[in-house]
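The next block holds one structure in the form of structure tokens; read it before the comments.
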Amino acid sequence: MSRPLIPRRLAFTATASVGAFCLSVLPAAATATPAQIATSKANGVTYLKSLQSSDGSYAGAGLSNEWAFSALASAGTAAVDVTPGGDTTKNARSVYRTLLSTASWPSATPVVTDYERATLNSYAAGIDPARVSASRNLIGDIYSYWQKAEPGYFGPSANFNGTVFAALALGGARTQAGTQRIPKSLRDSLITRIRANQHNDGGWNYSKAEGDPGQLGSAGDVDMTGAAMAALCVSGVPNTYADIVQAKAFLKSKLVPGSGAFNAMFGVNTDSNGWAVSGLNACGINPQTGDFLTSAGKTPVDFLIAQQFNPGGGFKYLPGDTEPSAYASIDGLRAVAGGGFTAAPPVPATGGAPQWVARSTFASGTATELALTVDDGAGGLKVCSVAFTPTGTTTTLGAVLDSATTAATPSGCVSGVTPSSGTGTITALNGKSNSGSSTWKVSVDGSAFTGADRGKVINAGDTVALRWGA
């Protein structure tokens, strides 16, 4: 099974010279101190900055280092402040936004994880993922991979990590105001599927296990357990929930007392430990106390810091490696810095640079998309991306629903709406009519649900949710 998000198994060697980054390794110490963590963060940021290309990019064709944005944000560094040689016109955020706005991105044959990866990293870079450009809405892109035959899965269900990272992206990449942008019904659907795929040992793996006793009885993977834990927690599951408690026990069982490392499926390595620690971080579980302080006084954070070259700041993948790995450095820094799988963008140090960039209006005549959910109040949830070409800088709820009848992916999100034109209260949708206090209501970007009206103004990038009920 391929791992399209962070191909951690690759022995990727940074292009920077070994001499610059392999000077010395910090000795492992029981329970990393705040000073050690601060040094690790500062040196790690320095190394990740060295990965920036001369054109300002971190991402491009093939494998790339765009995950650096999630690590940099976790460590308190804004992507807009990262520039090659001080050239602010090539700052990392602007270059990444331009890439994501390109019609040919990500490829001719995209998969859902392309958009999930971009959502997590654009958010960390200070790019609203629903408003990347006049034509690019990454939330809408993810919605288009909803599996109608297996509600709750995004992308082929056999590739379970696509669903886990959908939860991470949709739940973790919040609005600019910091609120959940997707409705609870969608988060609950994702939670149900993630829970159903938890193995008997408390862990998860990259492939689907639901309904397969053999898979459920097989060994979980440290990496995916960290990701699945984080996915549940960013979707609203408390860390006292049984599934999280079982996952903690699974990770505890993988601890190596002498180093504090997790013994992963592919052995002790930085990437697996980074994912596990990020999962704990996302759930508000301290990776340096209680269950994660070994009998020898070591913790997973101790192990990660021991994997770091200093003062160069890069992390090695395997304990015996003599060169830093870009991916290991990203995973290691993000975890040591206390991050989950994304982080809100820091306030930039660059004068005049905003914390967020976003396309706030539609471009008349430019094809775009919006993310839409329709909840019938009886357990039927439809999720889709609606394609349309606006004729002004805003549109209306009626126009979005009209487009959804013929231009939704997946299809069938909306079969009919009453009234079918003009403005006014929506009295029926998909054959279900208002009844007493139970009526169709609408929410935008996680706002409170209010009466649905065809004339309601919808802006660029709005995540639209319709729900029938009181």
Give a yes or no answer on whether the side chain of Asp302 reaches the backbone of Ser259 with a donor-acceptor pair at less than 3.5 Å. no
If the test is side chain to side chain contact (heavy atoms under 4.5 Å, CB included), which one of Ile182, Val112, Asn137, Val386 qualifies with Tyr143? Ile182
Does some side-chain heavy atom of Ser329 sit less than 4.5 Å from a side-chain heavy atom of Leu48? yes
Residues Pro390 and Phe362: closest non-hydrogen pair is CG-CB, 3.6 Å
In terms of side-chain geometry, is the basic nitrogen of Arg131 or Asp445 positioned less than 4.0 Å from the acidic oxygen of its partner? yes
Please assess Trp67 against Arg334 for the test side-chain contact (heavy atoms from CB on, under 4.5 Å), listing each intermediate value before the final yes or no. CA-CA 9 Å; Trp67 280 105; Arg334 185 174 55 236; 3.8 Å; yes
What verdict does the side chain to side chain donor-acceptor pair (under 3.5 Å) test give for Glu210 and Tyr153, after you've listed the backbone C-alpha separation in whole Å, the side-chain angles of each residue and the deciding distance to 0.1 Å? CA-CA 11 Å; Glu210 181 181 8; Tyr153 283 107; 2.5 Å; yes
Are any of the side-chain nitrogens in Asp376 or Lys382 under 4.0 Å away from the carboxylate oxygens of its partner? no
Test your reading of the model: is there a side-chain donor-acceptor pair from Trp204 to the backbone of Ile194, 3.5 Å cut-off? yes
Salt bridge (Lys or Arg N to Asp or Glu O under 4.0 Å) with Asp128: which of Arg359, Arg93, Arg181? Arg181
Residues Val222 and Phe262: closest non-hydrogen pair is CG1-CB, 3.9 Å
Smallest separation among heavy atoms of Val277 and Pro300, with atom names: CG2-CB, 3.6 Å
Step by step, work out the side chain to side chain donor-acceptor pair (under 3.5 Å) result for Ser57 and Asp55. CA-CA 6 Å; Ser57 66; Asp55 63 0; 2.6 Å; yes
Run the numbers on Tyr206 and Met265 for side-chain contact (heavy atoms from CB on, under 4.5 Å), then give the verdict. CA-CA 12 Å; Tyr206 282 76; Met265 187 176 294; over 6 Å; no
Considering non-hydrogen atoms only, spot the tightest contact between Leu51 and Ala326 and give its length. CD1-CB, 3.9 Å
Over 60° means perpendicular and under 30° means parallel, so classify the ring planes of Phe165 and Phe341, tilted if in between. perpendicular
If we only count heavy atoms from C-beta on, is the Phe315 to Asp331 side-chain gap below 4.5 Å? no
Carefully, step by step, assess Asn121 and Thr342 under the rule side-chain contact (heavy atoms from CB on, under 4.5 Å). CA-CA 7 Å; Asn121 287 295; Thr342 191; over 6 Å; no
Could you tell me whether the side chain of Ser447 and the main chain of Val444 form a donor-acceptor pair under 3.5 Å? yes
Is a side-chain N or O of Asn269 found less than 3.5 angstrom from the main chain of Ser272, in a donor-acceptor match? yes
Once the angle between the rings of Tyr58 and Phe69 is folded into 0 to 90°, is it parallel (under 30°), tilted (30 to 60°) or perpendicular (over 60°)? perpendicular
Cation-aromatic face contact Lys298/Phe303, 6.0 Å, 45 degrees: no
Going by the angle between their ring planes, with limits at 30° and 60°, are Trp105 and Tyr115 parallel, tilted or perpendicular? perpendicular
Taking the ring centre of each residue, are Phe449 and Trp440 less than 6.0 Å apart? no
Would you please test Lys49 and Thr77 for side-chain contact (heavy atoms from CB on, under 4.5 Å) and show each step? CA-CA 10 Å; Lys49 286 182 175 180; Thr77 296; 4.2 Å; yes
Taking Ser189 for its side chain and Ser185 for its backbone only, find out whether a donor-acceptor pair lies under 3.5 Å. no
Show, in sequence, the C-alpha distance, side-chain angles and deciding distance for Lys441 and Ser443, and conclude whether the side chain to side chain donor-acceptor pair (under 3.5 Å) test is met. CA-CA 7 Å; Lys441 298 176 174 63; Ser443 165; over 6 Å; no
Can you establish whether the number of heavy atoms outside Lys184 located under 6.0 Å from its atom NZ is more than 12? no
